[in-house]
Structure formats: C-alpha cells, structure tokens
Student: 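Take a look at the following structure, please.
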Number of protein chains: 2
Amino acid sequence: MASRPFHHGNLRVVLLEQAEAMLREGGVGGLSLRELARQAGVSHGAPRSHFVDRQALLDALAEQGFNRLTDNLRTALRTPGTLEEQARLVGRAYVDFAVHDAALMDLMFAAKQDAPSGPIHEAALRLFQVFDQALARESTQSPADDARERFKLLFTATMQGTATLLASRRIDRPQAEKLIDDAVDVLLASELGGRLLSG
Amino acid sequence: MASRPFHHGNLRVVLLEQAEAMLREGGVGGLSLRELARQAGVSHGAPRSHFVDRQALLDALAEQGFNRLTDNLRTALRTPGTLEEQARLVGRAYVDFAVHDAALMDLMFAAKQDAPSGPIHEAALRLFQVFDQALARESTQSPADDARERFKLLFTATMQGTATLLASRRIDRPQAEKLIDDAVDVLLASELGGRLLSG
DNA sequence: ACCTGAACACCGTTCAAGT
DNA sequence: ACCTGAACACCGTTCAAGT
C-alpha cells in the first residue's frame, strides 16, 4: 500500500509525458496502454478515465506535438534577423523536431479518414499561422494577393519533405542542411518571393 | 478438405497482395498476420514460412512499394514533353501514389533505427535514380557539378512534403496541384535550374 | 470523478509435429 | 520446404464494483 499512485488529478499529464518517451523509443507500434499504466503505477484500466481508447491517446499526442512544434518555431522566430536568416532558422527547427520526434511527427501527419476537424486540425492551423505572421511582418504584400499563401505552402512542403527524407535516413544531416539553404535561396530569389517582398 | 490452400508456391505473393489491400483499409495498425492467414485460407503459423515476423512483412511491403512507385514514375516519364511538362507529370504521379497508398508510403519512409542498408534502401536508391536519368536526358550539365543532385533533392523533398500534406488532409487536392505547379516553376526558373539546363 | 480488477476476444511468436 | 495447431505472453476494451 506504499505504492499508492501519486498523481492525483494529473494522471493524464503523466501518461502523455510517458507516452511521448515511449513513442520516441519504440514508435507507434511499441506504445502500449497497459505498459503505460504499469509505468505510472496504476491499474491497466485507469487510462480509460482519461482517454476513451488508444486512438484518443494518439490524437492527444498529435495535438500536443503540433503545439510544441508551434512553440519551437515561435522561439526560432524571436531571434532577430533578415527574412532569409529567419527562414533558415525556422527550417532547421522544423527539421530538428521531425528528427527528434519522428514517430510523433508521423502521428501528426498520419492519413486520417475522418473529416478534417477537431482539436488536431486546429492545432495544425495554429502551426501554419506562425508562417503567416512571420511573412506578414516582413511583407509589403496586400492580403488580397495569394502570393503569401503560395509561398507559405511551398516552404512548408519543402521543410516537411526534407524532414521525412532525413528521418527515414534517405538523406543525411549535411544533405538536409544544404537542402534547407537551397530551398530558402531558391524561394526568396523566385518571382514569387520577389512579389512577396517588394509587391 | 475441400478448402485445401490453392497457393502452392506463391503464398508469399498472395500474402503481400492482401497485405497491401489491408494496409489501404485500416493502416499499419489494422494489419494482422492472423487475419491475413485467415483470408488466405491457411493456418496462422503459415506466414512464418515466408516472413520471419511482422516487421519482415512490413519491410517487404515497403520494398514492393518503392518498386511500384519507381514503375509509376518511369511510366510518367515515357510521355514525351519538355522538362517542365515531365516534372509536372512526375510530381502528380508521386503525389497520386502517396495519397492512394498513404499507409504504404508511411512504411516506405518510416524512421528506422537500424543502419541504412538492405533491400529497402536499395529500392529507394533505384527510385531516386529515376530522377537522375530524367535530368540527365535533358541536361547539358557536367556530372562533376552537384547542381543536378541538389536540384533532384529539392524536387524530391517538395513532392514528398506535398504528398504528406495532402495525405494528412492539411491541404486539399487543388492546393496540392497548384503547389506542384509552383514548385516546378520556381525550381526551373531558379539559378540552380538555369545552371542545370544551360551549363 | 477516478480507479480497480476480472473477463473477453484478439494478437505475434515459438515450436514440435506432420506431409 | 512448407504448413498445422497447441501453447504462451501480451494486448485493447468492457464493465461491475469500489472510493
């Protein structure tokens, strides 16, 4: 009876923390609700009080992942510099996150069959808004034009792809670094980038 | 005894085919060896003769996926046209595959902790070689320069990212189409693209 | 409101045995 | 060489019962 669970009221938080570590260790397949309960010192049915099923836990992890990545990018953007410098910093932060938490990233960008709504999608929207704000700060572009949106998508897609290629070991770190630099160069020097900065 | 298994010598092929469909239905989590055996009309231990464990089946699926995607891209490249037109076709083929077989794509680009070797990695190399050949056909670039390699990585990363964003419903089809077009435009008009085509 | 613990159906893996 | 079927440990989920 000395092993009474010590997380009164925050078992949910503890489970999420442990689940993130477990995800980092053994991927989605290695994530077990029962093992999680064991580590937390509660019965195997206890997680049910906080997550209706395994998928609900995975969803919560994905949402939390989006929020954390959003924070990371905001932190990177707090460093003063030109748009080019900031773009490199954001790109590196994005890729770093994706490599450090590859399985979590898979969860965040897993193919869903359900409708695009709910807290995960909203957290993803907040992530993409970071790019909007960063571009709006430097851009003289009128909001009516879609150049900013297209630039943002192009940048996001390239960083996401770089992250996937690196996390899956299809390319190595130096290649990824050069890829980010090339992407920033090409995008900023493009006609799209020009319209954005001096439109 | 009327239900004698009819796949003498090709149970492996049958299992892989069914597994691909199962993957398309319910994702990696929904892929069960026992269910697979049931559908094939064999005992639950039978797959063991062809795949040492579940991971071996997943690896075989990933390798097969790379080979099929390689074929799809080669087919797209068989259509005559300018480099720009071919790049759009290849981009669409890449993204189409990623959306139709999203779970398989996840398997192909899953984060592996083991060393980058083996049949999967070789199949991935063959995929990327398709881009090399396509660029070599149109390029006057000397092979010593790394412009072609950097162009290839940039293109691949962008298509991979677009595929992920679309498969995860972060963007929709029209946005993905425009994204591919923008990427091709920006890349071909870039200094890097210029060096590639007229170097 | 939150947690326990038995119960159920399912799973991957192993392995001796068959053909 | 390939397949069978029992055995084992593990899992997610449900649910009545406790506090």
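First the proteins, then the strands, lettered A, B, ... as listed; each starts at 1. No hydrogens, no waters, no symmetry mates; every other heavy atom, side chains included, goes into these values. Quantities reported herein were computed from a predicted structural model and do not represent experimental measurements.
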Student: Rounded to the Å, how far apart are Phe51(B) CZ and dT13(C) C1'?
Tutor: 16 Å
Student: Does any nucleotide pair with dC2(D) by Watson-Crick or G-U wobble geometry, both distances under 3.5 Å, and what is it?
Tutor: dG18(C)
Student: Which nucleotide in the set dC3(C), dT13(D), dT13(C) lies at the smallest distance from any side-chain heavy atom of Leu33(A)?
Tutor: dT13(D)
Student: Is the base of dA1(D) touched by the side chain of His50(B) through a donor-acceptor pair closer than 3.5 angstrom?
Tutor: no
Student: Quickly work out the Arg12(A) CZ to dC3(C) P distance and round it to whole Å.
Tutor: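 Result: 12 Å.
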Student: Tell me: CG of Asp53(A) to P of dC15(D), nearest whole Å?
Tutor: 14 Å
Student: With Leu69(A), which of Met105(A), Gln64(A), Arg126(A), Arg74(A) fulfils side-chain contact (heavy atoms from CB on, under 4.5 Å)?
Tutor: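 With Leu69(A) as partner, Met105(A), Gln64(A), Arg126(A), Arg74(A) yield a single side-chain contact (heavy atoms from CB on, under 4.5 Å), made by Met105(A).
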Student: So, Gln160(A) versus Gln160(B): side-chain donor-acceptor pair below 3.5 Å or not?
Tutor: no
Student: Let me confirm one number: the CG-OG1 distance from Leu179(A) to Thr158(A), rounded to the nearest 0.5 Å.
Tutor: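 Spacing of CG (Leu179(A)) from OG1 (Thr158(A)) equals 8.0 Å.
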Student: Could you tell me whether a side-chain N or O of Asn10(A) sits under 3.5 Å from a main-chain N or O of Val13(A), the two making a donor and an acceptor?
Tutor: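 No; zero donor-acceptor contacts below 3.5 Å.
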Student: Rounded to whole Å, how long is the line connecting atom CE of Met22(A) with atom P of dG12(D)?
Tutor: 8 Å
Student: Is it the case that the side chains of Glu35(A) and Gln18(A) hold a donor-acceptor pair, with the cut-off being a distance below 3.5 Å and no angle test?
Tutor: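 No, because no side-chain N or O of Gln18(A) sits under 3.5 Å from a partner of the opposite role on Glu35(A).
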Student: For a quick check of understanding: with a heavy-atom distance under 4.0 Å over all strands, which category does Leu31(B) fall into, base, sugar-phosphate or nothing?
Tutor: sugar-phosphate
Student: Report the nucleotide, chosen from dC3(C), dT4(D), dG5(C), that has the shortest atom-to-atom distance to any side-chain atom of His44(A).
Tutor: dG5(C)
Student: Under 4.0 Å, counting only non-hydrogen atoms across every strand here, what does Leu57(A) touch: a base, just sugar-phosphate, or nothing?
Tutor: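 The answer is nothing, as Leu57(A) stays clear of every strand by at least 4.0 Å.
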Student: How many whole angstroms separate atom CG of Leu11(A) from atom C1' of dC3(C)?
Tutor: 9 Å
Student: Side chain of Val42(A), heavy atoms from C-beta onward: which of dT4(C), dG12(D), dG12(C) has the nearest atom to it?
Tutor: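 Between dT4(C), dG12(D), dG12(C), the one nearest the side chain of Val42(A) would be dT4(C).
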Student: Scan Arg38(A) against the nucleic acid and name what it touches under 4.0 Å (heavy atoms): base, sugar-phosphate only, or nothing.
Tutor: sugar-phosphate
Student: May I have the distance from Asn10(B) (atom CG) to dC3(D) (atom C1'), rounded to whole angstrom?
Tutor: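 The answer, rounded to whole Å, is 14 Å.
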Student: Counting side-chain heavy atoms from CB outward, which of dG12(C), dG12(D), dT14(C) is closest to Arg54(A)?
Tutor: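 Nearest listed nucleotide: dG12(D).
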Student: Can you check whether any acceptor in the base of dT4(C) is under 3.5 Å from a donor in the side chain of Arg48(A), or vice versa?
Tutor: no
Student: Round to the nearest Å and state the distance from Leu15(B) atom CG to dG12(C) atom C1'.
Tutor: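 From Leu15(B) CG to dG12(C) C1': 15 Å.
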Student: Given atom CD of Gln55(A) and atom P of dG12(D), what is their separation to the nearest angstrom?
Tutor: 13 Å
Student: For Ser43(B) and dT4(D), is the shortest distance between a side-chain N/O and OP1 or OP2 below 4.0 Å?
Tutor: yes
Student: For dC8(D), which nucleotide in any strand shown is its Watson-Crick or wobble partner with both distances under 3.5 Å?
Tutor: dG12(C)
Student: Between the side chains of Asn67(B) and Glu63(B), is a donor N or O closer than 3.5 angstrom to an acceptor N or O?
Tutor: no
Student: Can a side chain N or O of Ser32(A) be found less than 4.0 Å away from OP1 or OP2 on dG12(D)?
Tutor: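 Result: yes.
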Student: If you compare every side-chain N and O of Arg34(A) against the phosphate oxygens of dC11(C) (OP1, OP2), does one of them come in below 4.0 Å?
Tutor: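 Result: no.
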